[in-house]
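The structure under discussion appears below in the form of C-alpha cells.
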Amino acid sequence: MSFVKDIMPVLILYIIGDTITTFYALGTGVFYEGNPILFHLFTVYGYSFLIPLKLGFIFLLYHVYRNADRYYWNITRYSVSFIGLLATASNMVAVLYH
C-alpha cells in the first residue's frame, strides 16, 4: 500500500477535520484551546501555527511508516485516526451545543 492511501483516514479526520473545526471554534471567540502547550503556541504565534504542526506530524507519520513493521504501523495510523475522530466530534459538539 502507498503512504497516502494508508493515511487517508488520518488526513480526513485528524488533519482536515480537526483543523477546520478547531479554527472555526476558536474563531468564534467563545472557545479556547484546552491543551496548555497548544494554548501557549497559539497565543505566541496565532491559530495558523496549527498548520505547520500538522504538516510536521505527517512527516513523523512517514518516518513511522518507513521504519516500523506493519503491525505497529497499523496501530499508529488507526490510533491517530480515532484521535482525529474524537477531536473533530468534540469540536463539533462544543460548537453545536453552545
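Note that the coordinates shown come from a computational prediction; the quantities given were computed from them, not determined experimentally.
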Out of curiosity, [X] [atom1] to [Y] [atom2], how far, rounded to the nearest 0.5 Å?
X: Tyr71; Y: Asn74; atom1: OH; atom2: CG; result: 9.5 Å
X: Lys54; Y: Leu61; atom1: NZ; atom2: CG; result: 11.0 Å
X: Ile20; Y: Thr88; atom1: CD1; atom2: OG1; result: 9.0 Å

Starting from [Y], can I reach [X] by hopping between I/L/V/M/F/W/Y residues whose side chains sit under 4.5 Å apart?
X: Ile37; Y: Phe39; result: no
X: Phe59; Y: Phe49; result: no
X: Ile15; Y: Phe42; result: yes
X: Ile75; Y: Leu11; result: no
X: Tyr62; Y: Val10; result: yes

**OP:** Specify whether Phe57 and Tyr14 have parallel, tilted or perpendicular ring planes, treating 30° as the upper limit for parallel and 60° as the lower limit for perpendicular.
**Re:** tilted
Polar side-chain atom of [X] near backbone of [Y] as donor-acceptor pair, under 3.5 Å:
X: Arg77; Y: Asp6; result: yes
X: Thr28; Y: Ala25; result: yes
X: Thr21; Y: Asn91; result: no

Subject >> Tyr97 vs Met92 side-chain heavy atoms within contact, under 4.5 Å >> reply: no
Original post:
Does the side chain of Ile58 come within less than 4.5 Å of Phe3's, by heavy atoms?
Top reply: yes
Subject >> side chain to side chain contact (heavy atoms under 4.5 Å, CB included) between Tyr72 and Val64, worked out >> reply: CA-CA 8 Å; Tyr72 292 111; Val64 174; over 6 Å; no
Original post:
Going through the checks in order, is the side chain to side chain contact (heavy atoms under 4.5 Å, CB included) test met by Phe23 and Ile51?
Top reply: CA-CA 10 Å; Phe23 280 171; Ile51 294 171; 4.0 Å; yes
